[in-house]
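Just so you know, ligand 1 is whichever comes first in the structure, and atom 1 is the first atom listed for that ligand. Quantities reported herein were computed from a predicted structural model and do not represent experimental measurements.
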Amino acid sequence: MRTTPPARPFDTPERASFRDTVQRFIDTEIAPHANDWDEAGDFPWALHEKAGALGLFGFGIDEAYGGLGFDDALMRFDCGTAMGYAGIGGVNASLFSRGIMTGPIQQLASEDQKREVLTEIVSGKVGGALAMTEPSGGSDLSRLKTKAVRDGDDWLISGEKTFITGGMKASWYVVGARTGGEGFGGVSLFLVPADAPGFTRISIRKKMGWWASDTATLHFDQCRAPASGQLGQEGVCLLAIMDNFNHERFSLSAGCLGMARRCLDDAIAYAQQRETFGKPLIKHQAIRHKIADMSSRIDALDSYLQMIAWRINDARDKGAPMPAAELAKVKVLASKTAEFCANEAMQILGGAGYLRGCAVERIYREVKVMAIGGGSEEIMRDLAVKQMGL
Ligand SMILES: Cc1cc2nc3c(=O)[nH]c(=O)nc-3n(C[C@H](O)[C@H](O)[C@H](O)COP(=O)(O)OP(=O)(O)OC[C@H]3O[C@@H](n4cnc5c(N)ncnc54)[C@H](O)[C@@H]3O)c2cc1C
């Protein structure tokens, strides 16, 4: 059964129609294969192209490069929640991680680069990855160690990146590397092709969750990137990355909402048909309280996220910054809600939930990465308070 989400005060016929399209895509193309793809640790590339053909990678990207020519946080919200609800985070991560590198390309790349690179990534024909995190740390990107040194018409990049989603299959990378002094001010972004001389990658195979998503460690050994590969100016490019992180945090939060609701719905369905002590599980007060707690947290998150989506749209229309404090706060609320609901749903399913092959078990394994990636809970709390001016 599907529980009814709270009201959608900002809904429009266009958003409802987009939501239907995404849901149909998930129902026909993803849901029937979720378990098999998770076990296989992979899924067919054709899915990227199908999602691309529906425009799912096109938010905020100009039509000239295959994008939608507009952005809408409420549509991103619908897409993120539906993908989270599908209950296979590896597919979600693998498809949509390109979104954290197309934004900087749209904002900073030259016309030629956009035509060559953006068009094919947004269409889903090839993959792209954002490479910021290094073995020495991901939370404090102002200390990243990868270096880029000018050599004639080229840049020579040296260093290592790790935990990179889509890293094994990507054809293009947006790479953060130090070209100047300490801190964010000395960092530049580079657009690097997978066939650049001096670039190699190794798969990280054994992960707690996101099995269907490929993850890689990237090595740059005097990797030669053309001068034109530098995106924007040293230091300034980080602003584009920050904007990007805000979109990422919003989408991850929407994904958490979908995951949490899926846990609630599957727990209710199970509790309605399972009998213990002579009556359905759902009639036991302790279980009913779990359902109530899950449902109220989910509704609160749902309403908060819709309000933030409206604020993101409003800020964009006014040329104002994104609501960074709210995005940091909601990211923590979202991962905590997903974690709580996955835990309670597992408990309601009992031994059945512990077996591989059900969405609740997958989600239980996948909530942790939501508390770490895209800005961990600790870092988001710090950022929220800083953004509140404290
Ligand atoms: C499956 C997966 C996919 C990922 N995909 C990508 C990707 O595509 N591209 C990319 O660039 N990165 C990616 N990442 C990396 C991710 O962004 C980092 O893991 C994250 O930023 C945290 O960095 P870290 O793991 O190095 O932890 P660290 O920065 O070493 O931190 C370790 C722990 O300490 C906490 N901590 C750190 N500093 C503080 C502090 N000041 N106060 C309190 N607590 C603190 C952190 O919250 C964390 O819990 C991915 C990670 C995973 C697991």
Any nitrogen or oxygen of W210, side chain or backbone, less than 3.5 Å from one on ligand 1? no

What part of V369, side chain, backbone, both or neither, has a heavy atom within less than 4.0 angstrom of ligand 1? side chain

Tell me which protein heavy atom sits closest to atom 16 (C) of ligand 1, plus the residue, atom name and distance to 0.1 Å. T133 OG1, 3.8 Å

Hey, is K114 close enough to D62 for a salt bridge, meaning N to O under 4.0 Å? no

Mark the output for G137 as yes if a heavy-atom distance to ligand 1 is under 4.0 Å, and as no if none is. yes

Atom 19 (O) of ligand 1 sits nearest the protein heavy atom I372 CG2, 3.6 Å

Is S376 in polar range of ligand 1, meaning some N or O pair under 3.5 Å apart? yes

K279/E275 ion pair, N-O < 4.0 Å: no

For E366, is there an ion pair with R362 - N to carboxylate O distance below 4.0 angstrom? no

For atom 26 (O) of ligand 1, which of S136, G166, G138 has the closest heavy atom? G138

Would you call E29 and K50 a salt bridge, using N to O less than 4.0 angstrom? yes

On a heavy-atom basis, the closest approach of M168 and D214 is N-OD2, 2.5 Å

